[in-house]
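Everything on this sheet refers to the single structure shown next.
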2 protein chains.
Amino acid sequence: MEKLKKYVSVKDEDHFYHQGAVELLIFNFLLILTILTIWLFKNRRFRFLHETGGAMLYGLVMGLIIRYVTKSPDVESGTVYECEKLKSGPSTLLINITNQVYEYQYKREISHHNVNGHQGNAMLQKMTFDPSIFFNILLPPIIFHAGYSLKKRHFFRNLGSILTYAFLGTAISCIVIGLIMYGFVKAMVHIGQLKQWEFHFTDCLFFGSLMSATDPVTVLAIFHELNVDTDLYTLLFGESVLNDAVAIVLTHSISIYSPKENPNAFDAAAFFQSVGNFLGIFAGSFAMGSSYAVVTALISFMHLTKFTKLCEFPMLETGLFFLLSWSAFLSAEAAGLTGIVAVLFCGVTQAHYTYNNLSPDSKTRTKQLFEFMNFLAENVIFCYMGLALFTFQNHIFNPLFIFGALVAVFVARASNIYPLSFLLNLGRKQKIPRNFQHMMMFSGLRGAIAFALAIRDTASQPKQMMFSSALLVVFFTVWVLGGGTTPMLACLQIRVGVDPDEDLKAKAASQSASNLDKNTTKAESAWLFRIWYGFDHKYLKPLLTHTGPPLTSTLPEWCSPVARLLTSPSAYGDPLKDGDTVYIINNDELTENYESSAHIPVPAQDSTGSIQATGKEDIQEGDLGLGGYKLQLQHTAGQPQKNSLA
Amino acid sequence: MEKLKKYVSVKDEDHFYHQGAVELLIFNFLLILTILTIWLFKNRRFRFLHETGGAMLYGLVMGLIIRYVTKSPDVESGTVYECEKLKSGPSTLLINITNQVYEYQYKREISHHNVNGHQGNAMLQKMTFDPSIFFNILLPPIIFHAGYSLKKRHFFRNLGSILTYAFLGTAISCIVIGLIMYGFVKAMVHIGQLKQWEFHFTDCLFFGSLMSATDPVTVLAIFHELNVDTDLYTLLFGESVLNDAVAIVLTHSISIYSPKENPNAFDAAAFFQSVGNFLGIFAGSFAMGSSYAVVTALISFMHLTKFTKLCEFPMLETGLFFLLSWSAFLSAEAAGLTGIVAVLFCGVTQAHYTYNNLSPDSKTRTKQLFEFMNFLAENVIFCYMGLALFTFQNHIFNPLFIFGALVAVFVARASNIYPLSFLLNLGRKQKIPRNFQHMMMFSGLRGAIAFALAIRDTASQPKQMMFSSALLVVFFTVWVLGGGTTPMLACLQIRVGVDPDEDLKAKAASQSASNLDKNTTKAESAWLFRIWYGFDHKYLKPLLTHTGPPLTSTLPEWCSPVARLLTSPSAYGDPLKDGDTVYIINNDELTENYESSAHIPVPAQDSTGSIQATGKEDIQEGDLGLGGYKLQLQHTAGQPQKNSLA
């Protein structure tokens with residue numbers, strides 16, 4: 001008897017395994033379809049529906065099929081059981097059912113009004129996977145890849161503007177959406193669609209912060225394909241990458257803003273606590289991410305006596321690189337910080353330092369690995385967003401709220417881009433033209449981050465309404481704005497087919513030429529950048545990579561014993577020693593003479609014509625208009641392997 | 001009030017997220033340590049403890065720390081609650097606790113006697129991850145990689161022996177272990193350590209089948225590093241890869257063998273049902289795996305008019321390759337077959353057909369991707385095995401049973417290798433020498449598969465005892481036998497530092513020379529292989545890849561319209577057309593003249609000296625002793641890009 005029961009239970013368990021396989025298979029099937037569609041699109045040069053839109057469409061259709069075709073009513077679910085003995089929800093629950101003990105694991109808390117929603121079929125429930133999978137598995141590779149593949153040269157050129165859009169812009173966007181939504185909520189309460197106590201101003205702000213995260217995927221994929229003007233590309237890319245980080249931390253800060261008494265009244269103490277929280281979390285995550293990258297750089301740089309370098313074993317190197325980068329994310333999460341922010345800056349730092357130490361094999365491996373993971377994760381997310389419209393069980397579609405969300409998103413985008421562009425143009429030497437502003441306004445798609453932030457908490461009715469509306473806003477922006485990107489570019493007469501390298505050189509040359517009148521010497525954000533660049537080049541680069549001058553020459557005289565200890569023997573014993581030395585000396589003079597140097601126009605330095613930017617050392621020529629032709633020749637001829645990730 | 005509660009719950013949920021991060025972080029940390037250790041070992045040429053043993057050791061230490069240092073007693077768990085209303089365990093349970101509804105998800109059924117075991121700390125419980133993660137996530141890449149990187153030339157040379165060891169050997173091993181364990185169980189019952197009804201003969205056979213899966217990882221890593229004799233390497237590799245598949249299906253078949261009446265009596269009907277089941281599942285999984293690979297090959301081969309080939313987009317190609325291979329696994333699981341077997345044959349078929357169609361970029365990408373996934377998954381599994389010794393909560397260590405298991409494993413290995421080698425040597429032209437047999441006997445390590453099969457079901461006390469014993473056997477074999485591999489090789493005077501290509505050529509040459517007396521013309525397993533090879537070369541290769549003769553020339557006259565339709569335009573319009581044609585004609589004559597061709601000694605054909613075998617077309621020269629020098633030259637000179645995965 002006991003035997004028979006056991007076998008039944010084994011079969012039951014097998015059934016559970018197969019269930020997991022079926023769900024994964026559905027995702028695999030969707031992804032395969034998406035890939036085949038992308039292939040078709042690439043052939044037909046079809047740009048009105050982008051691949052991400054396609055992935056969403058397939059997810060939608062699949063969700064429809066699962067919802068209305070498969071019917072396996074799970075009779076038991078939907079019934080709430082009473083348990084008087086329990087005081088709080090333990091993480092694991094052991095229940096005795098007809099003399100057999102079953103183990104149940106805590107999943108979530110649900111409101112009473114959602115209980116009937118669970119009477120749907122079990123398949124739907126299983127397709128709705130845990131939001132923590134988004135944050136722990138799917139988002140990190142996407143964000144890391146964004147940081148790792150950042151075109152640093154262009155990014156730093158526009159650093160000031162990008163930071164303004166990302167920090168100030170996101171704050172403006174959050175507040176504007178919050179205010180507009182609060183207006184709509186008041187109207188809904190007025191016409192009786194909503195009860196007063198359900199929706200507070202903080203909830204509106206919460207919605208505002210999550211809707212402020214713009215998605216880089218769709219627009220930038222099109223921009224990349226068309227080779228749109230590099231400055232526009234960089235502004236949009238930098239903004240959307242950083243603003244994701246800002247929006248995530250902002251959402252977190254708002255969710256823990258809990259005023260003592262009346263939740264509608266303004267509580268200064270709680271507000272400042274939230275602001276402090278925001279700054280602390282952002283700074284902490286930044287530090288966590290960068291320090292992991294620095295550790296990776298140090299390990300890959302390490303050169304002990306009688307020890308083969310790590311770069312002799314590309315597999316180990318790639319593994320370590322991957323694991324340490326992921327650990328940056330996990331450590332930040334474990335420490336209560338924001339993993340996404342940590343992994344973003346980890347990616348940037350890895351590209352800046354570690355990448356230079358990697359073996360050529362590992363350089364390709366890491367690039368391809370993260371490219372691949374990014375590709376898969378992106379498509380999974382877009383498929384899942386499509387699926388969620390039909391498989392998520394507790395949607396609350398309120399037409400007024402959805403309309404309000406759409407209006408709010410556009411107004412907020414406008415009040416972010418236009419005023420800030422105006423202010424930035426006051427300071428910028430090279431103005432952001434009107435048509436760029438319109439394009440940036442138009443490119444405010446919402447995507448994965450907004451969705452992930454909204455799905456993270458769908459326990460209460462307001463949160464469900466927010467999630468449903470956010471999902472529809474994502475659909476609308478991806479399909480309508482994403483589909484309209486190519487026509488819009490044509491309409492606004494924005495240059496396409498630009499080679500980023502050539503472009504930058506041309507701009508630098510014209511800039512240097514016009515610089516002869518000496519009053520526009522300082523490029524935008526140059527003063528901050530220059531200090532950082534000097535420090536980085538003189539101390540950090542030599543400490544962490546094989547490039548740059550040896551520490552012995554950059555540190556003051558009294559530090560020389562320490563410097564000699566820290567400088568790796570390879571800094572002297574490198575096969576490229578001669579070229580290096582000349583380069584280092586020249587370059588060192590350069591960093592010393594930032595302020596006073598003459599501005600020699602930079603001729604075209606290489607004719608590779610590749611889209612990939614040439615390297616990290618190019619920053620000073622491009623941005624600061626420094627550097628001579630001779631130096632550049634030595635640099636590109638003698639050290640081709642030191643080109644960093646563009 | 002409701003507001004405050006909500007915030008508390010959000011924080012609680014956050015706490016849950018961070019918990020997940022902490023566990024992942026521990027694994028990351030272990031893996032990083034392992035990688036650093038491997039690096040150290042590679043430098044020190046330290047071979048007494050292999051990297052897998054190291055990973056296990058770190059896991060063990062970490063498990064010890066988690067068990068005895070962290071103490072966070074979860075008061076609630078350990079208490080069993082009654083629920084009279086429930087009749088069976090639903091997949092989702094909604095429970096009302098102090099006016100708040102919580103959702104719980106079904107995890108597993110547990111026996112009454114295990115309930116007190118759950119009173120340990122929550123951390124331990126969280127570190128014990130779901131066995132389905134092993135089967136669905138960690139094992140597939142390892143097994144696929146084994147199939148994908150199979151050295152086909154050497155494998156097919158020894159196909160007969162490998163199949164004998166894998167099928168017959170595993171069956172012998174299973175029965176011998178089962179019988180010995182049954183003896184030990186009887187003894188335990190006799191001295192009162194066990195109750196009669198707890199352990200049936202089928203349980204012993206179940207243990208026998210799971211302990212019959214030998215692990216290829218540790219030994220082969222050492223063999224690969226040392227370049228051990230190729231035949232020995234191939235025999236062991238082929239055996240351990242296929243025997244994993246056999247053992248998995250066997251375990252499944254035994255677990256569903258349920259005789260009607262007395263579980264100790266032999267029930268012929270149930271037995272034959274199990275045998276039929278075994279064959280059906282094996283054949284079905286094989287078919288499922290290969291057909292997915294064939295679909296991949298067809299898609300990558302497809303060449304529609306006005307359509308860019310898929311190989312123009314390496315990312316899409318790699319993505320499709322990855323997803324379809326994983327789908328092979330998932331489909332098999334969803335259909336109630338064995339995913340591991342499906343993914344193994346999928347890997348072999350992908351390497352045989354699809355690999356030839358891939359772009360050079362995708363060839364590297366797929367190889368590196370699966371190599372990397374294999375590396376990570378392997379180390380995770382070994383770390384986890386170490387962890388499990390202290391974190392698994394329901395260990396039952398019975399000294400007699402453990403001793404019995406060790407004895408049984410060795411006796412079973414001996415009665416598998418020696419008799420079968422004797423039988424095979426009767427038929428084999430090139431005998432398996434005595435020292436190879438000893439080495440094969442010694443290399444019977446147990447590893448990931450045995451562990452995964454044992455952990456899949458730990459509900460009852462016998463199963464727990466089996467799991468604990470299996471774990472200890474794995475530790476013993478990996479540390480003692482794995483560590484002793486290098487000394488053992490020296491002791492048995494087995495050649496190391498062999499170049500597999502040179503080796504095969506030398507053997508083929510000596511074989512061809514001695515073949516002049518015409519009575520040893522047929523190489524081992526050649527008759528079966530020859531039929532298959534002819535069919536494959538004439539029909540499948542041209543249908544699925546760009547290599548081989550066009551179908552128009554291989555199919556009979558009356559099929560020519562169909563053949564013309566199926567032959568891709570590239571078979572004619574290839575830039576390598578000329579070389580191809582000559583090659584095809586020569587080669588076609590070759591396949592026609594298998595029986596009657598003169599045996600020309602094959603001279604050394606290329607001097608690359610690489611460990612990677614040169615390609616698929618080499619089979620006929622190496623194994624069958626056919627092919628002329630002229631043909632070979634055309635082949636290697638004209639079509640370097642068609643070399644397949646070695």
Side-chain angles (χ1 to χ4, degrees), chain A residues 3 7 9-10 17-18 20-22 24-25 28 31-32 35 38-39 43 76-77 80-83 86 89-97 101-110 112 115 122 132 136 255 258 263 307-308 310 315-316 319-320 323 326-327 330 333-334 365 368 375 457 460, chain B residues 3 6-7 9-10 17-18 20-22 24-25 28 31-32 35 38-39 43 76-77 80-83 86 89-97 101-110 112 115 122 132 136 255 258 263 307-308 310 315-316 319-320 323 326-327 330 333-334 365 368 375 457:
Chain A
K3 176 119 206 153
Y7 283 141
S9 96
V10 166
Y17 288 116
H18 298 161
V22 170
L24 283 172
L25 196 60
N28 268 17
L31 289 177
I32 290 166
I35 289 180
I38 296 172
W39 181 26
N43 275 288
E76 293 283 357
S77 61
V80 181
Y81 297 94
E82 300 290 329
C83 223
L86 278 168
S91 62
T92 309
L93 193 64
L94 299 176
I95 287 201
N96 192 348
I97 300 166
V101 182
Y102 294 94
E103 188 179 332
Y104 280 84
Q105 205 163 28
Y106 176 85
K107 206 176 159 198
R108 57 185 179 139
E109 186 190 325
I110 41 173
H112 286 279
V115 170
S132 74
N136 288 340
S255 77
S258 49
F307 234 69
T308 331
L310 190 61
M315 174 66 88
L316 298 185
L320 206 65
L323 289 171
W326 196 21
S327 295
L330 293 171
E333 286 288 307
R365 269 173 193 251
Q368 288 183 348
F375 173 77
D457 179 13
S460 63
Chain B
K3 177 120 201 148
K6 208 171 63 202
Y7 282 141
S9 94
V10 166
Y17 288 115
H18 297 161
V22 170
L24 283 171
L25 196 59
N28 268 17
L31 290 177
I32 290 166
I35 288 180
I38 297 173
W39 180 26
N43 274 289
E76 293 283 354
S77 61
V80 181
Y81 298 94
E82 299 291 328
C83 223
L86 278 168
S91 61
T92 309
L93 192 67
L94 299 177
I95 287 204
N96 193 346
I97 300 164
V101 182
Y102 293 94
E103 187 179 333
Y104 281 85
Q105 206 162 26
Y106 177 85
K107 207 177 158 197
R108 56 184 179 141
E109 185 189 324
I110 41 173
H112 286 279
V115 169
S132 74
N136 288 338
S255 78
S258 47
F307 234 73
T308 332
L310 190 62
M315 175 64 90
L316 298 185
L320 207 62
L323 289 172
W326 197 20
S327 295
L330 293 172
E333 285 288 307
R365 269 174 194 248
Q368 288 183 348
F375 173 77
D457 179 14

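Residue numbering restarts at 1 for every chain, and letters A, B, ... go by the order of the sequence lines.
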- Please report the closest heavy-atom contact between B/Gly319 and A/Ile35, naming both atoms and the distance. C-CD1, 3.7 Å
- Query: Can you name the closest pair of heavy atoms from A/Ser327 and B/Leu25 and give their distance?
  - Reply: O-CD1, 3.8 Å
- Message: Between A/Trp39 and B/Leu320, is there a side-chain heavy-atom distance shorter than 4.5 Å?
- Response: no
